[in-house]
Number of protein chains: 2
Amino acid sequence: MRVSLKDVAAHAGVSIKTVSNVVNNYQHVTPAMRERVQRSIDVLGYRPNLAARHLRKGRTGIIALALPELGNPYFAELAASVIDAASQHDYIVLLDHTGGSREQELLVSQGFRARVIDGLILSPIELETEDLRDRSEDVPLVLLGERDYDLPYDHIAIDNVAAARAAVRHLIGLGRREVAFIGARRGRSEPAQLRVRGWREELAAAGLPADEGLVAATDGWGHADGALAMNHILDSGRRPDAVFAYNDPMAIGAMRVLHERGLRVPEDIAVVGFDDVIEGRFGAVTLTSVSPDKAAIGRLAVESVLARLHDRAPEPRRIWADHQLVERESTLGRPAATNRGAA
Amino acid sequence: MRVSLKDVAAHAGVSIKTVSNVVNNYQHVTPAMRERVQRSIDVLGYRPNLAARHLRKGRTGIIALALPELGNPYFAELAASVIDAASQHDYIVLLDHTGGSREQELLVSQGFRARVIDGLILSPIELETEDLRDRSEDVPLVLLGERDYDLPYDHIAIDNVAAARAAVRHLIGLGRREVAFIGARRGRSEPAQLRVRGWREELAAAGLPADEGLVAATDGWGHADGALAMNHILDSGRRPDAVFAYNDPMAIGAMRVLHERGLRVPEDIAVVGFDDVIEGRFGAVTLTSVSPDKAAIGRLAVESVLARLHDRAPEPRRIWADHQLVERESTLGRPAATNRGAA
DNA sequence: AACGGCGTGTATAACGTTGTAAAACTTGAG
DNA sequence: CTCAAGTTTTACAACGTTATACACGCCGTT
């Protein structure tokens with residue numbers, strides 16, 4: 001059986017509370033007493049029972065991180081950064097994945113999935129503002145990612161509109177004129193709305209038409225969805241000279257299709273992705289991408305949720321993380337002359 | 001404040017234990033009483049306190065899954081499969097990542113990282129047999145992956161030697177004669193030993209020499225490590241006509257180097273990876289790979305750890321999951337004639 | 001010599017739940 | 001109408017921890 005405070009107390013010949021005081025570094029303990037108790041702790045191999053501590057203090061030391069998709073390396077890297085940040089505050093991270101479905105996101109936000117947590121960091125895809133409005137749960141919630149919510153929760157994200165505009169501006173600067181957008185999500189909600197808006201705004205700023213036929217909606221956000229969307233655009237007879245994808249896996253899926261159809265990247269079509277995942281640096285054509293500061297996002301998310309947990313909670317805020325555009329082969333140089341007006 | 005059994009009991013005018021009986025579907029409760037209590041539960045919005053339940057029962061309902069690397073999509077997919085399998089048994093998964101370092105793996109195996117778990121599924125990289133031998137922790141442990149341990153724990157893996165032999169046999173069957181192996185790990189431990197052994201055995205079976213100069217050791221198992229290893233082999237003046245990589249990211253890293261150096265895949269050099277990650281299906285050259293049955297591995301791991309937890313524990317066993325070789329473009333066709341003996 | 005104040009250690013009562021054993025109700029037979 | 005046997009409900013203790021309030025001894029001061 002596991003050894004408890006009582007056993008240590010008996011072994012050291014002191015009261016239970018004194019042992020507890022030593023374990024918790026309570027200040028009013030003489031060095032002699034502290035050492036005597038510590039020796040008993042070491043001898044017996046005592047380790048505190050977290051359930052009992054939790055029951056007493058009302059804290060578990062666990063925060064949950066709910067992500068739509070673990071398979072996407074962006075989220076995997078983000079998870080790693082959250083886990084690291086949390087461990088620096090002696091917190092453990094319970095990873096959950098929602099599959100990006102509204103139903104699962106709702107369950108998570110209302111605390112039905114993981115009921116042993118002090119705080120929750122949620123990266124929603126389909127969840128609506130109204131879904132969160134009547135959240136009865138009392139564990140602190142921090143939102144992550146692109147969606148725009150008007151709610152009393154901290155929200156950490158990069159400036160998606162600005163980032164998308166930078167990507168499109170880069171393409172236009174290379175002489176591209178017909179920039180497709182891949183990954184506007186199908187369905188009533190529009191999670192990619194900010195990036196589409198950035199695309200639209202930057203085209204307008206450059207005096208170019210925003211051809212809505214160059215915006216491809218998809219069901220998911222994986223390689224296959226990007227490939228499907230690219231095929232869809234090309235099958236419609238359009239021939240853009242650039243593609244901006246919602247994320248890197250979709251960009252890579254699109255590049256595969258371009259390769260299959262004999263279109264060269266970047267000569268015929270330039271491609272820009274989003275998230276800067278490692279995979280984009282090792283393809284036959286390396287991928288230009290918007291690189292969010294994942295480490296900062298993870299750190300800020302943990303700090304926000306812990307701040308709220310410890311009641312040092314300021315007003316709910318929107319916190320911006322940095323981003324930058326990383327240029328690689330997929331946008332190298334100006335378009336090949338042959339491509340213009342080929343259709 | 002949160003509502004407890006006591007509050008519900010007061011509201012329904014019954015004892016605490018009766019409410020508990022209703023919550024736990026205890027059998028000796030009249031339908032009338034059950035409904036009356038249930039109504040109070042619904043009205044007050046009662047939700048059980050897991051910490052108290054844990055303290056009382058000694059179970060948390062959480063199992064930990066410790067993986068070396070979340071960024072590798074193989075592990076991400078595996079994690080998803082474990083999470084799904086666990087949720088079918090009403091268990092929650094706490095994901096931990098060790099970075100593949102011996103120190104972290106040791107901490108995890110001894111329960112210092114996550115101290116609130118009923119069971120542990122660990123995929124070790126560097127951990128030695130001796131490290132686990134004097135494990136004092138009493139939570140059930142299930143091992144995952146390639147390492148070969150002679151210890152009283154369940155171990156779930158595919159037959160790595162057979163899988164590696166199948167990959168090499170496929171290459172030899174295509175007429176390849178100089179097959180390099182990328183990813184024998186540097187350092188005293190040799191986690192890739194089974195796959196190297198398969199490589200060696202199959203070459204021997206085909207009457208081909210096992211040129212140890214074609215085995216490249218690396219520090220890690222990512223894209224960059226594969227690229228480094230490939231460069232190392234080519235810089236040494238050797239010119240293999242096939243490469244078998246420890247995993248898909250390394251294979252893709254190697255393919256990038258081949259592309260940069262103007263070597264064609266598969267004409268000049270065929271490439272086979274391991275794990276069959278999604279990324280391998282969307283490169284300019286799709287990747288032939290050994291595909292382990294990840295869903296089965298996750299399911300078996302969860303079932304093993306829960307069996308041990310519930311004392312239906314049989315002898316420690318080695319459990320084999322299926323695998324198959326998926327052929328794609330990177331091994332399509334026979335070698336180009338020009339390449340032979342080019343060096 | 002008595003007293004207040006301070007620093008250190010201790011008994012006790014929670015936290016919310018479930019297992020045990022006993023009490024309180026049914027039911028049916030004599 | 002009583003009693004035994006069975007069914008349903010209840011009181012209470014325990015799980016391991018920490019907060020509260022108090023007791024004790026030791027100072028220096030009056």
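Naming: A, B, ... by sequence-line order, numbering from 1 per chain.
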Please determine which of A:I117, A:I83, A:I62, A:L309 meets the side chain to side chain contact (heavy atoms under 4.5 Å, CB included) test together with A:Y91.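 So the option named by the test is A:L309.
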What residue among A:L143, A:D96, A:D154, A:L65 forms side chain to side chain contact (heavy atoms under 4.5 Å, CB included) with A:I121?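 By the side chain to side chain contact (heavy atoms under 4.5 Å, CB included) criterion, A:I121 pairs with just one of A:L143, A:D96, A:D154, A:L65: A:L65.
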Would you say that [X] contacts [Y] through its side chain, given a criterion of any heavy-atom pair below 4.5 Å between the two side chains?
X: A:L127; Y: A:R147; result: no
X: A:L67; Y: A:T98; result: no
X: B:E69; Y: B:H97; result: no
X: B:L5; Y: B:Y46; result: yes
X: A:T60; Y: A:L50; result: no

Mind calculating the distance between [atom1] ([X]) and [atom2] ([N]) to the nearest angstrom?
X: B:I41; N: C:dG16; atom1: CD1; atom2: P; result: 16 Å
X: A:L50; N: D:dG16; atom1: CG; atom2: P; result: 13 Å
X: A:K6; N: C:dT12; atom1: NZ; atom2: P; result: 14 Å
X: B:R56; N: C:dC15; atom1: CZ; atom2: P; result: 17 Å
X: B:L55; N: C:dT17; atom1: CG; atom2: C1'; result: 8 Å
X: A:E35; N: C:dG9; atom1: CD; atom2: P; result: 14 Å
X: A:M33; N: D:dG25; atom1: CE; atom2: P; result: 14 Å
X: A:N24; N: D:dA19; atom1: CG; atom2: C1'; result: 11 Å

Is any side-chain N or O of A:T30 closer than 4.0 Å to OP1 or OP2 of C:dG7?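 Indeed not, no polar side-chain atom of A:T30 lies that close.
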Can you tell me if A:S20 touches the phosphate of D:dT17, counting only side-chain N or O atoms and a distance under 4.0 Å to OP1 or OP2?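 So the side chain of A:S20 is outside the cut-off, no N or O lying under 4.0 Å from OP1 or OP2 of D:dT17.
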Given DNA chain D, 5'-ward residue of the pair B:S15 and B:K57, judged by closest heavy atom: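 With B:S15 and B:K57 compared, the 5'-side residue is B:S15.
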Closest-nucleotide mapping onto DNA chain D: is A:P48 or B:I16 further toward the 5' terminus? I mean the 5' end.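 Looking at DNA chain D, the more 5' nearest nucleotide goes with B:I16.
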Minimum-distance nucleotide to [X] side chain [options: [options]]:
X: A:N49; options: C:dG7, C:dT17, D:dT17; answer: D:dT17
X: A:V29; options: C:dG9, D:dT9, D:dT18; answer: C:dG9
X: B:V14; options: D:dT10, C:dT18, D:dT18; answer: D:dT10
X: B:A52; options: D:dA19, C:dT17, D:dT17; answer: C:dT17

Applying a 4.0 Å non-hydrogen cut-off, can you work out what [X] is touching in the nucleic acid: base, sugar-phosphate, or nothing?
X: B:N21; value: base
X: A:V23; value: nothing
X: B:T18; value: base
X: A:Y26; value: nothing

Report for the helix from C:dA1-D:dT30 to C:dG30-D:dC1: angle between first-end and last-end helix axes, five pairs each, rounded to 10 degrees.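 Answer rounded to 10°: the end axes differ by 70°.
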Compute whether any side-chain donor of one residue and acceptor of the other, for B:Q88 and B:D84, lie under 3.5 angstrom apart.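 Note: B:Q88 and B:D84 side chains miss the donor-acceptor criterion.
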Given that A:Q27 and B:Y46 both sit by DNA chain C, which one's nearest nucleotide is further toward the 5' end?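 Of the two residues, A:Q27 wins.
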